[in-house]
There are 2 protein chains.
Amino acid sequence: MIAGMVERGESRRAGARERARAEVMAQIMAAGRRELAEHGADGLSLRAVAREIGMVSSAVYRYVAGRDELLTLLIIESYDAVGAAAERASARGGSAAERFVAIASAVREWGREHPHEYALLYGSPVPGYRAPDDTIASGTRVPAAMIRLLIEEYAAGRLSVPVAEDAPPVGAALSAQCGTVREFFGADLPDELVLLGIGAWTQVYGLISFELFGQLHNTFEPADDLMEHQFATVASRVGI
Amino acid sequence: MIAGMVERGESRRAGARERARAEVMAQIMAAGRRELAEHGADGLSLRAVAREIGMVSSAVYRYVAGRDELLTLLIIESYDAVGAAAERASARGGSAAERFVAIASAVREWGREHPHEYALLYGSPVPGYRAPDDTIASGTRVPAAMIRLLIEEYAAGRLSVPVAEDAPPVGAALSAQCGTVREFFGADLPDELVLLGIGAWTQVYGLISFELFGQLHNTFEPADDLMEHQFATVASRVGI
DNA sequence: CGACGTCGAGAGCAGCGCTCCGGATTGCGA
DNA sequence: TCGCAATCCGGAGCGCTGCTCTCGACGTCG
């Protein structure tokens, strides 16, 4: 048996057992992904996952601590998926404004293709469930792509700090919080531009969420034109 | 018995039975509100509601068709509550900018006090649950308060249509959708200002949701300063 | 006063998350 | 190579959920 495995090139050091375990784990994740996509976070049933991969429910607990942990794993996976989509969109090039719109559109597109996952990431947090810190690293990829855009433009001198006299002042506490963001990126970006970026991201998020959560029903639906217009407006407001 | 009721001024036409029914219904709603506030939408259990009012679960079905209907009733109630809060804030007077910030702050405050209700209204829609049209009337009260502000300012001639040459054009389809909004209010408001209002509301919603849904964790928390700054920024951007 | 309609209680079904236990299988070291 | 120990899977079971059905009791109205 072991000889056969070695013959097939399966490293004995890797451990056939670990391989099997990894495979089952992958099956669980895949089934969980399917269940999540079809029935949503609330409908994600560990028993259904077990059924789908031909296991009894208690066996799944050997791999996953519980429903919440499976949900967390899927959240991280989804954060990375939408983050990667945003980064790909940004990397496609073009003017800064075009890249910003591309990022926003990519997030929207991903959300339309994975509404349940989007809801899991950006909708109301599942009650009784506190997102562990593991997720925040993956969760910042989308806004990071936007901020990075501003950083690049600012570094290239193509972005000027808005000096509107009626702009609200930035207090010390708020400035310190902006510093946290700046520190995270290890780059220079004035408070005003950090806040401009936050405002842009929150508006994009608000627009996409309104569409996906059905708040635009009976008014701006289909929302393609609205999104295109608003994304462009935000981009021009940012000054890129 | 009936005589006694009549003596106490209880109209016989109203029916003692109907009175009792209304009272039980009120108890169900109150218990549902408590459960919702404490355990969230997912934790809202019809059995727990029944238990709380000293009934067996099946009896509750005489009053409510099911869990979804109870949720819908609570949604409408909550929409009206936050809508009323926004309208009160707007009615407190002040400059247009002050009133706008007051509306946004009122919504934020309401959300902080009723996080589960806010999530139910503006978070991911409960899977498998389609919001009936009953809710949309109540659901538009908050954005309506904001749009109404713009309408008043525009009617008073204190608001000019932004004519930035780099502003994205408004296509025919989008303009028609803006017309729907205009028609709803029965007032005059250029497309550009409608879209400006939509943008303002989506950004305010995005900001509040980010705070309440924990997306600002480890960065802009506490978020009071950020909110104050961003709300003011949005107000000044709208031109009020 | 009687019949009808309403109401609450109870039992029951299927599903859920999760735990515990027993038997089978696997892998590693003696 | 053999045996022990770790690992793993299946089954049973607990308490919870939403929802349905039936039955007895009661109020309401003709």
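Here is the naming used below: chain letters follow the sequence lines, and residue numbers restart at 1 for every chain. Atom set for the values below is all heavy atoms of this structure, side chains included, hydrogens, waters and symmetry mates excluded.
For the pair B/Gln27 CD and C/dC7 C1', the computed distance is 15 Å after rounding to whole Å. Between A/Ile53 atom CD1 and D/dG10 atom C1' the separation is 14 Å, expressed in whole Å. Here the P atom of nucleotide D/dT7 and the CD atom of A/Glu18 are 11 Å apart, to the nearest Å. Distance CZ (A/Arg19) to C1' (D/dC8): 18 Å, rounded to an integer number of Å. If you measure from atom CE of A/Met55 to atom P of D/dC8, you get 9 Å, rounded to the nearest angstrom. Atom CE of B/Met25 and atom P of C/dC7 are 12 Å apart (whole Å).
Partners of A/Glu109 under the salt bridge (Lys or Arg N to Asp or Glu O under 4.0 Å) rule, at least two apart in sequence or in another chain, do not exist in this structure.
For the residue pair A/Ser124 / B/Ser124, a side-chain donor-acceptor distance below 3.5 Å is found, with atom types taken as modelled.
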* Asked: Which nucleotides of nucleotides 15-24 of chain D have their base under 4.0 Å from a protein heavy atom (B), which only their sugar-phosphate (S), and which neither (-), written as one string 5' to 3'?
  -> --BBBBBB--
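Nearest heavy-atom pair, A/Cys178 versus A/Val194, reported as atom, atom and distance to 0.1 Å: SG-CG1, 4.0 Å.
Checked by distance alone, B/Arg17 brings no side-chain donor or acceptor within 3.5 Å of a matching partner on the base of D/dT28.
The aromatic rings of A/Phe210 and B/Tyr122 are tilted relative to each other, their planes meeting at an angle between 30° and 60°.
Among the candidates B/Glu38, B/Glu77, B/Glu117, the single residue satisfying the side-chain hydrogen bond (donor to acceptor under 3.5 Å, both in side chains) test with B/Arg33 is B/Glu77.
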* To do: Mind running side chain to side chain donor-acceptor pair (under 3.5 Å) on A/Tyr79 and A/Thr140 for me, showing each step along the way?
  => CA-CA 8 Å; A/Tyr79 265 133; A/Thr140 51; over 6 Å; no
